[in-house]
Colleague: 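Sharing a structure, written as structure tokens. Questions coming.
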Amino acid sequence: MSRLLSKARVRDLILGLVLLCATLALMLYPKPSMEAARTGLQLCYNVIIPSLFPFFVLSSLVVELGLARYLGRLLEGIMRPLFHVSGACASAFALGFVGGYPVGAKTAISLYEKGMCTRTEAERLLAFCNNSGPAFILGVVGAGIFASSTVGVLLYLAHALASVCVGLLFRFYKAGEDSGRGKSTRPAPQFQAQRFSTAFTGSVKSAFLSTLNICAFVVFFTVVIQLLIRSGFLPGLAQALGTVLAPFGLTPEWAQRLLTGALEISSGVSTLSEGGALSSRLTMAAFMLGWAGISVHCQVLSFIGGSGLSVGTYLVGKLLHGGLSALFIGVLVRFVPLNAPVSNYLADQVAGIAGMEFHGALTASILATWMIFLGFLLAAALGSRKSLGKRRKPVV
């Protein structure tokens with residue numbers, strides 16, 4: 001099979017057949033396709049654009065203004081022992097936790113392209129810095145799908161803990177190479193911080209294109225999933241997978257949920273609102289959130305482009321993230337009663353996140369972005385003062 005796929009003619013023939021089937025599906029199911037596209041556009045309008053665009057601007061500014069370099073001087077003593085990466089990588093780590101997919105991955109790639117981290121360090125970052133944002137897990141998944149703020153908090157704890165564990169595991173990736181002299185396919189450029197006006201205008205343009213790119217993938221995969229369901233391909237594949245994995249307790253219904261989440265995370269987690277034991281639904285939701293879905297992976301691959309970074313490392317990291325998240329949520333639900341409420345304050349905040357529309361989500365995202373930006377400025381000031389102190393220290 002691998003020999004056949006290695007031939008260009010066979011690959012072109014398979015691709016042509018897939019495109020022909022996709023065209024026929026669009027002709028046979030025009031109305032469901034339009035409804036799916038409309039749903040994808042609504043998702044982009046209400047969730048993707050307001051939540052990601054400000055963080056894309058922030059991530060670009062942090063790199064272009066050189067704030068990541070100052071932050072690196074301050075946090076070198078934390079990032080190096082834990083994850084075997086430079087302190088500048090802390091910006092990708094922080095933004096990956098609060099910005100959502102794929103802000104952390106884009107920041108890591110930008111750091112590598114600007115020469116602030118090595119190829120090995122960037123590949124380590126890609127394995128664990130591309131995480132779901134708290135707004136999506138707490139609001140959409142927890143309060144929206146499972147109607148429980150406690151579930152949202154537990155899912156986010158499992159998600160964050162699994163991400164850190166993947167980072168600790170990947171510190172041994174290419175451990176023989178010196179982290180400060182990692183091999184690269186091209187020499188690292190000499191980075192020069194830009195003026196704020198230049199960096200700001202460039203960051204806004206780059207963020208707009210990145211957000212538009214992500215919205216395109218979201219709409220595309222929303223339509224693809226609808227066509228796969230309407231054509232019977234996805235249910236048939238789920239039936240076959242459920243038959244093979246029946247000894248492990250995977251029914252065709254659960255197999256279809258898993259396949260849907262493997263393609264697009266929002267569509268996947270929306271199938272878990274009912275049907276089946278709550279613990280089983282939470283385990284699958286945790287895996288989907290960790291794996292992120294092929295739609296998110298395509299978004300990351302579009303940013304990787306010709307950088308030469310390993311795609312395999314990124315995919316292995318996301319698979320580990322999904323497995324560990326499922327494992328951790330299974331442990332957490334044994335110790336935390338799901339009917340026990342979290343604090344009233346947190347429950348109110350989660351309910352507010354779930355009910356946000358475009359203007360509310362955009363306002364909250366911009367406020368969070370500015371708070372984080374001020375935090376980066378403070379860290380940069382402390383790092384700059386620390387470095388100046390070392391330079392002025394008299395030599396005895």
Side-chain angles (χ1 to χ4, degrees), residues 12-53 100-102 136 139-141 143-147 208-242 251-276 281 284-285 288-289 291-299 301-302 354-362:
D12 292 342
L13 177 61
I14 294 175
L15 180 60
L17 290 175
V18 171
L19 292 177
L20 178 61
C21 292
T23 304
L24 291 175
L26 288 172
M27 295 175 62
L28 291 174
Y29 309 105
K31 188 174 181 179
S33 301
M34 292 178 62
E35 292 177 353
R38 189 178 294 111
T39 301
L41 289 173
Q42 289 175 348
L43 178 64
C44 293
Y45 177 78
N46 290 322
V47 179
I48 302 298
I49 296 176
S51 62
L52 288 186
F53 179 75
Y101 318 113
F136 181 76
V140 177
V141 182
I145 294 176
F146 290 98
F208 174 76
L209 293 176
S210 299
T211 307
L212 188 64
N213 179 39
I214 290 172
C215 290
F217 280 112
V218 170
V219 175
F220 173 79
F221 276 95
T222 304
V223 175
V224 165
I225 290 175
Q226 185 61 237
L227 292 178
L228 289 176
I229 294 175
R230 291 279 181 170
S231 63
F233 179 82
L234 190 61
L237 182 60
Q239 183 70 37
L241 184 61
T251 64
E253 179 187 0
W254 285 95
Q256 183 167 332
R257 292 176 174 181
L258 180 61
L259 290 173
T260 303
L263 286 173
E264 208 281 313
I265 183 173
S266 300
S267 302
V269 294
S270 64
T271 64
L272 301 173
S273 58
E274 56 185 6
R281 289 185 285 139
M284 186 166 287
M288 291 178 183
L289 290 168
W291 166 247
I294 295 178
S295 175
V296 172
H297 301 335
C298 288
Q299 298 165 20
L301 294 180
S302 69
M356 279 187 181
E357 295 182 355
F358 177 84
H359 64 280
L362 181 61

Colleague: For Arg257 and Met284, which heavy atoms make the closest approach, and how far apart are they?
Modeller: CB-SD, 3.9 Å

Colleague: Output the distance between atom CG (Leu289) and atom OH (Tyr101), rounded to the nearest 0.5 Å.
Modeller: 5.0 Å

Colleague: Write down the atom of Phe208, the atom of Phe53, and the distance for their closest heavy-atom approach.
Modeller: N-CE1, 3.6 Å

Colleague: Closest approach of Ala238 and Pro252, non-hydrogen atoms and distance?
Modeller: CB-O, 3.5 Å

Colleague: Quick one: do Cys298 and Phe220 satisfy side-chain contact (heavy atoms from CB on, under 4.5 Å)? Show the steps, please.
Modeller: CA-CA 11 Å; Cys298 288; Phe220 173 79; over 6 Å; no

Colleague: Rounded at 0.5 Å granularity, tell me how far CH2 in Trp254 sits from CG in Leu258.
Modeller: 10.0 Å

Colleague: With side-chain contact (heavy atoms from CB on, under 4.5 Å) as the criterion, how do Leu241 and Leu237 come out once you've worked through the C-alpha distance, each side chain's angles and the decisive distance to 0.1 Å?
Modeller: CA-CA 6 Å; Leu241 184 61; Leu237 182 60; 5.5 Å; no

Colleague: About how many Å separate CD1 of Ile225 and OG of Ser266, when rounded to the nearest 0.5 Å?
Modeller: 9.0 Å

Colleague: How far apart are the closest heavy atoms of Ala292 and Ile265, and which atoms are they?
Modeller: O-CB, 3.4 Å

Colleague: Where do Ala262 and Trp291 come nearest, in terms of heavy atoms and distance?
Modeller: O-NE1, 3.3 Å

Colleague: Quick one: do Arg281 and Phe146 satisfy side-chain contact (heavy atoms from CB on, under 4.5 Å)? Show the steps, please.
Modeller: CA-CA 9 Å; Arg281 289 185 285 139; Phe146 290 98; 3.9 Å; yes

Colleague: Phe221 and Ile294: which non-hydrogen atoms are nearest, and at how many Å?
Modeller: CZ-CG2, 3.9 Å

Colleague: Give the intermediate values and the outcome of side-chain contact (heavy atoms from CB on, under 4.5 Å) for residues Met288 and Leu272.
Modeller: CA-CA 11 Å; Met288 291 178 183; Leu272 301 173; 4.1 Å; yes

Colleague: Would you give the length of the straight line joining atom CG of Leu259 to atom CZ of Phe233, rounded to the nearest 0.5 angstrom?
Modeller: 9.0 Å

Colleague: Is there side-chain contact between Pro235 and Gln256, with heavy atoms separated by less than 4.5 Å?
Modeller: yes

Colleague: Enter the distance from Thr222:OG1 to Glu35:CD here, rounded to the nearest 0.5 Å.
Modeller: 13.0 Å

Colleague: If you measure from OH on Tyr45 to SG on Cys215, what distance do you get to the nearest 0.5 Å?
Modeller: 12.5 Å

